[in-house]
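The structure appears right after this line, and notes come after that.
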Number of protein chains: 2
Amino acid sequence: MPAEHAILGLLAQNPDGAHGYDLARHFAGDEPLGAILRLEPGMLYHHLKKLDKTGWVAATVEQQGLRPPRQVYRLTPDGEAELRRWLSEPVERTRDIRLDFLVKLFFAQRTQPETVEALIAHQREMLTRNITSLAEQRAALAAKPDTDDRDRSFTLAVLDLRRSQTEAALEWLDQLSPIASNG
Amino acid sequence: MPAEHAILGLLAQNPDGAHGYDLARHFAGDEPLGAILRLEPGMLYHHLKKLDKTGWVAATVEQQGLRPPRQVYRLTPDGEAELRRWLSEPVERTRDIRLDFLVKLFFAQRTQPETVEALIAHQREMLTRNITSLAEQRAALAAKPDTDDRDRSFTLAVLDLRRSQTEAALEWLDQLSPIASNG
DNA sequence: AGAGCCATGTAAGAGGTTACATGATTAG
DNA sequence: CTAATCATGTAACCTCTTACATGGCTCT
C-alpha cells in the first residue's frame with residue numbers, strides 16, 4: 001500500500017507533525033505527489049487512524065476554538081523504521097513501478113538521498129531478473145508440443161508485451177541519474 | 001471490468017451455453033486466458049449472477065441427479081451487443097493495455113477476427129494521442145516558473161516514465177501483425 | 001482407501017470510491 | 001453576500017481476496 005507509506009514519508013519531513021488537512025494538500029493534482037497518487041479525504045483519515053492503531057504514527061489533539069480539534073500526527077520510531085525498510089526495498093512487478101516505485105523514489109530523495117542510488121540499483125536488478133524469467137517462459141512455450149497455434153501466438157504476444165514494458169522501465173531507470181546525483 | 005466481458009466472450013464461443021465450472025477452467029494458470037486474468041470461483045459465480053441480473057446472460061437449470069444442479073448460462077442478444085461494443089473500443093490508459101486490451105484482443109480474434117485490425121488501429125491512435133499529451137505536459141512543466149527544482153525534475157521523471165511505457169506499448173502493437181493476419 | 005475432481009456457493013474482511021454532513025472563517 | 005477554505009469525519013456501496021462448506025463421483 002503506497003498510500004500509507006506516503007503518509008509516513010510526509011511525516012518524516014515534518015518532525016513537528018501534521019494534521020489531516022495539511023497532508024491532504026500534498027495529494028492534490030498540482031503537487032508532485034498528486035501526479036502519481038490521489039488520496040481523497042475519506043481514505044486519508046482512514047489511513048491515519050489505521051497507522052495510529054498500528055503504532056507507526058502517534059496523535060495528539062490540539063483544540064481550535066470553535067473548529068473541530070486538530071489531530072496532529074507524528075512519526076513514531078517504529079514508523080520511521082518501517083519507512084526506511086520500505087524505502088530500501090525494490091518493487092517486484094513491473095506494473096508497480098508506476099506507483100509504488102515512484103513513491104519510493106520521491107521520498108528516498110527527500111528523506112534519505114544517500115540511499116537513492118542503491119534503490120535504483122536494486123530495482124534495476126529486479127527488472128533484469130524479470131526479463132530473464134520472461135525469456136525463459138517464452139522459450140519453454142515455443143518448445144511446448146500439443147499447443148493450439150492461436151493459443152501459442154497469443155501467449156507469446158502476452159510475454160512480449162511484458163518484456164517490452166519491463167525493458168522500457170529499465171531504460172527509464174538508467175536515465176534517472178539527474179535525480180540520483182543532485183537529489 | 002474485463003472479467004465480466006471475458007465471461008461474455010467465452011459464452012459467445014459456446015452457443016449451447018456453459019456452466020460456472022466449465023468457465024472456471026479457462027481462468028486457470030495453464031490456459032491462455034489465465035495468463036492474463038485469474039478468476040477465483042467465488043468471483044466467477046458472483047459475476048455470473050450479476051450478468052444474469054443485468055440481462056446479458058440467461059440461466060437455465062439442469063438437474064444432475066445427486067450433484068448440485070447446473071446453472072447453464074447463455075449469451076443474450078443484449079449480451080452479444082455489449083460484447084461487440086466493448087470489443088470495438090480501445091482502452092484509454094496505457095496501464096489498461098496489460099489487462100483490458102489483451103482480453104479484447106483475445107476475444108476479438110476468436111469471435112470476430114475481421115475486426116482485429118481495426119481494434120489495433122484504434123488502439124494505436126489512442127496511444128499516439130497519449131504520447132502527444134505527455135509531450136505537451138512536459139513542455140508546460142519545463143516552462144512553468146516558481147517551481148522547486150527537485151519537484152520539477154521529479155515530475156519530469158514521472159512524465160518520462162509514462163512516455164516510455166506508452167512508446168513500448170506502441171512498438172509492441174506494431175509487431176502484432178501475425179495475430180492480426182492469420183487469426 | 002484416499003486423492004482429486006465435479007459443482008455449487010457463502011462468509012468475512014480488506015481496500016477503495018463517491019458523496020454527503022457539519023459549521024466557522026476568510027476573501028472577493 | 002457568496003464562495004472558497006479550514007477541518008473533521010461518516011455512510012453507502014463496490015470489488016476483490018481468502019477461506020471454507022457440501023457431498024457424491026472417479027481414478028489409482
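In what follows, chains are A, B, ... by sequence order, proteins preceding strands, each numbered from 1.
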- Within this structure, what is the CZ-to-P distance between B:Phe27 and D:dC16, rounded to whole angstrom? 12 Å
- Query: Within this structure, what is the CG-to-P distance between B:Leu51 and D:dC14, rounded to whole angstrom?
  - Reply: 15 Å
- Face-on cation placement of B:Arg150 at B:Phe154 ring, 6.0 Å and 45° thresholds: no
Less than 3.5 Å apart, which donor and acceptor atoms pair up between the side chains of residues 38-52 of chain B and the rest of the protein, not counting sequence neighbours?
residue, atom, partner, partner atom, Å
B:Arg38, NE, B:Gly34, O, 2.9
B:His47, ND1, B:Glu4, OE2, 2.8
B:Lys50, NZ, B:Glu4, OE2, 3.1

- Message: What I'd like to find out is whether the side chain of B:Thr111 reaches to under 4.5 Å of the side chain of B:Gln13, using heavy atoms alone.
- Response: yes
- Task: For residues A:Arg163 and A:Thr166, determine if any side-chain heavy atom of one lies less than 4.5 Å from a side-chain heavy atom of the other.
- Result: no
To the closest 0.5 Å, what do you measure between [atom1] ([X]) and [atom2] ([Y])?
X        : Y        : atom1 : atom2 : answer
B:Phe106 : B:Ile36  : CZ    : CD1   : 7.0 Å
B:Phe27  : B:Leu10  : CZ    : CG    : 5.0 Å
A:Leu156 : A:Asp151 : CG    : CG    : 11.0 Å
A:Ile120 : A:Leu105 : CD1   : CG    : 5.5 Å

- Any pair with a residue in residues 123-144 of chain A that passes salt bridge (Lys or Arg N to Asp or Glu O under 4.0 Å), sequence neighbours left out, goes on the list, sorted by first then second residue, please. A:Arg124-A:Asp174, A:Arg138-A:Asp160
- B:Tyr45 vs C:dG9: side-chain N/O to OP1/OP2 distance below 4.0 Å: no
- Message: Is the phosphate of D:dC6 approached by A:Arg70 (side-chain N or O, under 4.0 Å from OP1 or OP2)?
- Response: no
Measure all distances between protein nitrogen or oxygen atoms and nitrogen or oxygen atoms of nucleotides 11-20 of chain C, and list the pairs falling under 3.5 Å.
residue, atom, partner, partner atom, Å
C:dG15, OP2, A:Lys50, NZ, 3.1

- Could you go step by step and tell me if A:Ile97 and A:Leu127 meet the side-chain contact (heavy atoms from CB on, under 4.5 Å) rule? CA-CA 10 Å; A:Ile97 296 276; A:Leu127 292 177; 4.2 Å; yes
- Please determine, for the side chain of A:Lys49, which listed nucleotide (D:dA7, C:dT8, D:dT10) has the closest atom? D:dT10
- Query: the helix from C:dA1-D:dT28 to C:dG28-D:dC1: angle between its terminal axes, five pairs each, to 10°?
  - Reply: 30°
- Item | Contact list for residues 79-88 of chain A, test side chain to side chain donor-acceptor pair (under 3.5 Å), sequence neighbours left out | A:His5-A:Glu82, A:Glu80-A:Arg84, A:Glu82-A:Arg85, A:Arg85-A:Glu89
- Query: What string of B, S and - do you get for nucleotides 21-28 of chain C 5' to 3' if you count protein non-hydrogen atoms under 4.0 Å?
  - Reply: ---SS---
